[in-house]
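Small disclaimer: the values here were computed from a predicted structure and weren't measured.
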Amino acid sequence: MTDNYSLWEKKGRSLQAWIEDYRAAGCPYPISTFVLTPRHRDYFVDRTSVHLDARLLTALNMGNVNSTYWKISITQRDEGPPVWWIGRTGPGVIFIDDIFRSKRSDDPYMSEVIKAAYKMDFSLDSLRTVFVSNVNEKNTLSCTWKPSSPEFNALLGIGIGKVVAASVLCAWGQGRKRIARIVTVHIGADIHKLYMRFNLENM
């Protein structure tokens, strides 16, 4: 166990408390008003309709095999510090494939972009699942983490888990929607084919 584990777990507990309790004080993530459009003034937004591979949908235990999804690429128009968001959206689901925001950037946070990307085509309240694609973590096993476990809190408190948790707060505020479980799924023997699944449900 690394020296940082207890810090990650503590951060995750705070995020979970803010998500689940509208009375929890000190939440630094207000509901976002950031909106994306295909012809945005400040961002290049490239949207292409796609069908996901049926084998992938089966491996991820998803339905909607025949649904049309949107592959979305978002980059800033100016030459400031680099920012990009690449993902896919579909009925009830969003895939986060590749994101980056320079610490020097004044652009909206990735948690705000997640909300805005999904809302371009779907009702926000229909979102039930967030996938993070191609997580490169050799030591993560295929497993399910449930709220209140130390592992669940640690996953929320570091890296992409923090982004997803913040996106819930940016989208719905406190006490509306919770992260019910986190599932890590390996696809085949390739360690680079690790997906993280965040299941959302109403409070």
Side-chain angles (χ1 to χ4, degrees), residues 4-37 40 43 60-62 64 70 72 74 83 85 87-96 99 101 103 105-133 135 143-185 195-203:
N4 290 325
Y5 188 89
S6 60
L7 178 61
W8 300 334
E9 188 182 348
K10 182 179 179 180
K11 287 182 179 178
R13 282 199 307 270
S14 294
L15 285 162
Q16 189 71 346
W18 289 325
I19 287 171
E20 296 195 350
D21 187 353
Y22 72 91
R23 297 165 297 184
C27 178
Y29 304 105
I31 292 179
S32 173
T33 59
F34 176 61
V35 175
L36 279 170
T37 61
H40 198 281
Y43 300 93
L60 297 178
N61 195 29
M62 290 177 61
N64 301 331
W70 290 98
I72 303 172
I74 302 162
V83 174
W85 191 98
R88 291 160 287 170
T89 63
V93 64
I94 188 165
F95 288 82
I96 301 172
I99 59 175
R101 178 183 181 274
K103 293 181 179 179
S105 175
D106 293 326
D107 289 270
Y109 291 101
M110 291 293 101
S111 53
E112 298 180 83
V113 179
I114 292 171
K115 171 188 177 180
Y118 189 77
K119 280 195 70 177
M120 280 198 292
D121 298 288
F122 304 99
S123 164
L124 185 61
D125 284 336
S126 70
L127 182 59
R128 299 183 301 275
T129 310
V130 178
F131 280 102
V132 182
S133 307
V135 178
C143 50
T144 300
W145 307 111
K146 296 184 178 179
S148 80
S149 72
E151 296 86 358
F152 181 95
N153 290 332
L155 286 171
L156 280 189
I158 187 172
I160 195 65
K162 183 178 178 182
V163 173
V164 175
S167 74
V168 172
L169 291 163
C170 287
W172 292 282
Q174 296 179 243
R176 291 274 317 281
K177 187 87 71 171
R178 68 192 290 261
I179 299 174
R181 64 189 57 82
I182 303 172
V183 182
T184 55
V185 180
Y195 283 75
M196 292 182 70
R197 175 176 180 154
F198 297 79
N199 290 1
L200 309 181
E201 63 181 31
N202 294 330
M203 293 292 296

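- The side chain to side chain contact (heavy atoms under 4.5 Å, CB included) with V83 is formed by just one residue from the set D106, D107, I74, I99; it is D107.
- R13 pairs by the salt bridge (Lys or Arg N to Asp or Glu O under 4.0 Å) definition with E9, not counting sequence neighbours.
- Between the CZ atom of F34 and the OG atom of S111 there is a distance of 11.0 Å, given to the nearest 0.5 Å.
- Taking the centre and axis of the six-membered ring of Y109, the NZ or CZ atom of R101 falls inside the cone set by 45° and 6.0 Å.
- Taking the side chain to side chain contact (heavy atoms under 4.5 Å, CB included) definition, one finds that A17 meets it with nothing, sequence neighbours left out.
- Side chain to side chain, S126 and Y118 meet the donor-acceptor criterion of an N or O pair below 3.5 Å.
- Across all non-hydrogen atoms, the minimal contact from I179 to Q16 is O-NE2, 3.8 Å.
- One finds the CD atom of Q174 at 11.0 Å from the CZ atom of R23 (value rounded to the nearest 0.5 Å).
- Annotation: side chain to side chain donor-acceptor pair (under 3.5 Å) contacts of N202 (sequence neighbours excluded): K177.
- Taking the six-membered ring where the residue is Trp, Y195 and F95 present perpendicular rings, their angle passing 60° and hence far from 30°.
- Rounded to the nearest 0.5 angstrom, L36 CG and Y43 OH are separated by 8.0 Å.
- With sequence neighbours excluded, the residues forming a side chain to side chain donor-acceptor pair (under 3.5 Å) with R197 are N199, listed by chain and number.
- In this structure, the separation between OG on S32 and CD1 on I114 is 11.0 Å, given to the nearest 0.5 Å.
- Across I96, V132, T129, a single residue satisfies side chain to side chain contact (heavy atoms under 4.5 Å, CB included) together with F198, and that is V132.
- Residue pairs satisfying the salt bridge (Lys or Arg N to Asp or Glu O under 4.0 Å) criterion with at least one member in residues 112-122, sequence neighbours excluded, are listed as follows: R47-D121.
- How far CG of L127 is from CD1 of I94: 6.5 Å, rounded to the nearest 0.5 Å.
- Scanning all heavy atoms of the two residues, the minimum distance from S133 to R88 falls at OG-NH2, 3.3 Å.
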Expected list for residues 156-172: side-chain donor-acceptor pairs under 3.5 angstrom, two or more places apart:
from	atom 1	to	atom 2	distance (Å)
S167	OG	V164	O	2.6
W172	NE1	D125	OD1	2.9

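- Between the W70 side chain and the G90 main chain, no donor and acceptor come within less than 3.5 Å of each other.
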